[in-house]
Structure formats: structure tokens, C-alpha cells
Amino acid sequence: MARPIPWLPPVTTATLAAIPRSILPSPKFRSVSNSYCKLVILQEAPMKPLARTVAEMPQSGIREIANLAARTPDCVRLDLGEPHFPTPPHIVEAACQAARDGFTKYTPPVGLLSLRQAISEKLQRVNGLDVPADRIVAVSGATSGLFTACLSILEHGDEILLPDPAWPNWEMMVLSAGGKIRYYPADSSRNFLPDPGELDEYVGDRTRGIILNSPSNPTGAIMSPGLVREMVDFARRHDLWVIADECYDEFVFDEEHACAARFDGDGRVISLFSCSKTYAMTGWRVGYVACPQDLIEVMAKLQQPVIGSICSVAQKAAEAAFRGPQDSIAVMRDYYRGNRDLAVDMFADTGIRTWSPGGAFYMMVDISSASTDTYDFAKRLVRSRQVSVAPGETFGPGGRGLVRLSLATARDRLETGLARVIDAIQADSQAA
Ligand SMILES: Cc1ncc(COP(=O)(O)O)c(C=O)c1O
């Protein structure tokens, strides 16, 4: 039997990269994994190595800190993007009723027609998009839709352009689908917004698509309608697919949210939405994709190997969410706006730089005066101050020197957490 041997203390990704790949095929050292950032070498033959792409894939730093925080008593959790609100009762009740009625079987892989009709109405009502139900696929969270979108458009070795900084799961999805990523700049020096005028040089022979995300995770930045239009025009000029991650479409505080699909003249925008944040339904796993005509059959087919079909009762819950009262969204949006204002106020006059988010519920904070290693800083924060944040480096080079705070938490806890973060940055900056 192969026996994992954990080597402590945990090693960094850089250490892993330094391990000579030549030892991997040897019968003694067959596979190296950096999950949980511990080096694990499996000894003994004769088992085939695991898929290298997946074994070498970086772990999300958000998850790493979340795991540490979960084991730390009284830790204020500002790591995951997880609304603290419960799912509204009428949505829960719809699922319970469906289960009681015996609605517990497989459903069509594309999702229930009644749900897709409700989604079509929402896209019209909220996003101004005219998408019939037969161009919508209900998916198991936007995560699975994003992954199937990658599988649909990527040949082995093709590239996808990702904003830098970016939600780390996109990289994992692109790599899992056999693709490569190339970051395009959207860093703090640009207020976390891309400049379409400087993107041509990022396109190569194998570039297949670009991911857009507004409001952005991790920065909360919002692209104006004009900028979204320019980004879609850029994609059209280079014949790229656009994967538009619109998961925070209903959490925009002061500006107008524009879906990329609004500017899609020729069917290249694949739009992803989610019930997770909008209806505080993260655990129910319901998202949806609005697809160009050419792609819909492929996306529908891919549901079968990837998820089979979506949880039946969760679909009934989502249908109730779209058809029922919508006031909970405004309540949550106002709450997150209040949390944003509190955070901006608390950081004002501290000398610590932050960027006020226009939407979603994240805020980037500059910790470069306190530490040059955001992973190290985030771990120390959990251990010594009992507050958890996401290390900026997990979002790409543009996240260096920054941490991401999730503001989706109860206000009194947020206030406590922010005070701890501010104290730590100030103390570490003085000590540095
Ligand atoms: C930008 C972005 N897209 C997609 C997702 C995943 O959404 P879902 O829960 O629907 O899979 C998240 C979750 O944090 C996100 O931040």
C-alpha cells in the first residue's frame, strides 16, 4: 500500500516548484501534492501517478485560510464569500414541500423547464436580456457552469485570459479543462479595472476566450456599461469567447450593472449567474448559464458527465426564489452597502490604503507596510488575532501586498474583525 508521509512544517508553493520533476516517475517517489500546502510523497511502487495537471494545481488560498480559521476558536471569518443571512423561508419551504411531494428523482440534465422559464423572466426583468428558456441551462452552482463553459471551448493547450487579480477557482477550472491561463492587468494601479486599449498584446495564437467579472471578486470593482461594451468589442476583434461571470449582478451599490451579453452582437458571450449570493443559497448549489445558440447543445450534453442533473428540490427552491418576493435582495444589498461604509470609515485616518468596492461584498486592503508575504500575514492574523482574510497572492500577481476582506457578515462581528485587522497591520508596520 502507498503510504503518505507528511513533512512538517508546511512548505510553500515555491518549495514545491523547486522539486526536480525527474524524481516523479521513479518508483519510490511517484507523486507530489501540495494540498494543504504540505509536502506529501507517496512511496512504493507499483501504482500509476495521479494526473499531473490536477496534482500540481495550486490550492485556493481562500480555502486554505478558511480551513485554518475553522479550527480556530472565536475567529471572525472575513475569508469566504459566504452571506451570513439565512435562505428566505419561502424558498426553504418550497424545497421541503417538493421533498414531501416525492419530487426526489433525477430531472432533465438542463434543469426543469419551469425553472428555466422563471430564469428567463428574471433575465428580462433584472438584466434586460431577452433569453428564451431553451437557451438557458440550470447548473449545480455557477462553479459547474463555469467549468462546463471551459470544457466547451478549450482544446488542450488553449489559453484563457483572466483578470489579474482574479477569483482563484477560474484558474483551477481552466487547468482542469486542459487549458492555460494568461492574466490581463486589472490591478490596484488601474483601480482594478482593465484597459481594453492595452490588451491586444495579451492575445496569442492559442487564445480562445476571456473571462469578465463585474462586480468583481476579489475587488468589488464595477465596470461601467461603456467599459463592458469595449471589452466585448475587444473580444469580437480577436474572435474570442467571452465568459461573463455575473454572479454578483444584484449586489451593485451606487452604479448601473451592465451584463456583457447586452453588447453581444454575434453570439460569443456565455453568461453565468448564481442563486448563491443573490438569495443566500450558497449550499443549495443552483446557478444558471445563458448561452449563445451554437453552444447550448454542447453545454447541455456536458451536464451529463459533469453533474448528471441538478438536485431536484434545490431547483424547486430556486424556482420559488425567482417567482416569490424579491425584497430580501434589497435588504441584503443595503446591509452590504452599510458594511462597506463601515469598513471605509474604520480604515479612514488609519494610514492603511483600501479601495471602496462598488459592488459584491469584498474589499481589498493594502498590507504591504506590514508584510511582503500575504499568506504569512493571513496565517498570523488567524493565529494571533483570531480574524481571517484571504491572502492577495492567491488572486494572482495583482494581489501582491493586499488582502481581501469579505464583508458578508453580521455588522457587530465585522466591526470586531476590522478592528483586529487594523490593529495587526499597524503593529506589524511599526515593527517592520
Ligand atoms: C466570481 C464568482 N463566480 C462564481 C462563484 C461560485 O458561485 P456558485 O456558488 O454559484 O458556484 C463565486 C463564489 O464565490 C464567485 O465569487
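Please read these numbers as outputs of a predicted model, since none were measured by experiment. The first residue in the sequence is number 1, and the count goes up from there. Just so you know, ligand 1 is whichever comes first in the structure, and atom 1 is the first atom listed for that ligand.
Taking every heavy atom of Arg285 and a limit of under 4.0 angstrom, the matching atoms of ligand 1 come to 8 (P), 9 (O), 11 (O). Interface atoms of ligand 1 facing Lys277, defined by a heavy-atom separation under 4.0 Å, are 13 (C), 14 (O). Ligand-side atoms of ligand 1 in range of Cys247: 3 (N), 4 (C), range being under 4.0 angstrom from any heavy atom. Interface atoms of ligand 1 facing Gly141, defined by a heavy-atom separation under 4.0 Å, are 10 (O), 11 (O). In summary, the atoms of ligand 1 found under 4.0 Å from a heavy atom of Ser276, numbered by their order in the structure, are 8 (P), 9 (O), 10 (O). Near Asn217, with a cut-off below 4.0 Å to any heavy atom, the atoms of ligand 1 are 1 (C), 15 (C), 16 (O).
In terms of protein heavy-atom proximity, atom 1 (C) of ligand 1 is nearest to Asp245 OD2, 3.3 Å. Closest protein heavy atom to atom 15 (C) of ligand 1: Tyr248 OH, 3.5 Å. For atom 12 (C) of ligand 1, the nearest non-hydrogen atom of the protein is Trp167 CZ2, 3.5 Å.
Here Trp355 and Phe192 bring their ring centres to under 6.0 angstrom of each other. The ring of His84 has its center closer than 6.0 angstrom to the ring center of Tyr335.
Residue Gly287 has no nitrogen or oxygen atom sitting less than 3.5 Å from a nitrogen or oxygen atom of ligand 1, judged on distance alone. Not a single N or O atom of Asn213, backbone or side chain, sits closer than 3.5 Å to an N or O atom of ligand 1.
Using modelled atom types, one finds a donor on one side chain and an acceptor on the other under 3.5 Å when comparing Gln315 with Thr107. A donor-acceptor pair shorter than 3.5 Å can be found between the side chains of Tyr279 and Gln326.
Every residue two or more places apart in sequence or in another chain that forms a side chain to side chain contact (heavy atoms under 4.5 Å, CB included) with Ser369 is listed here: Ile425, Ser429.
Ring planes of Phe251 and Phe361: tilted class, angle from 30 to 60°.
Here Thr143 has heavy atoms under 4.0 Å from ligand 1 in both its backbone and its side chain.
Relative to the ring axis of Tyr248, Lys277 does not place its NZ or CZ within 45° and under 6.0 Å from the centre.
Here the rule is side chain to side chain contact (heavy atoms under 4.5 Å, CB included) with Leu302, and of Leu151, Val137, Ile307 only Leu151 fits it.
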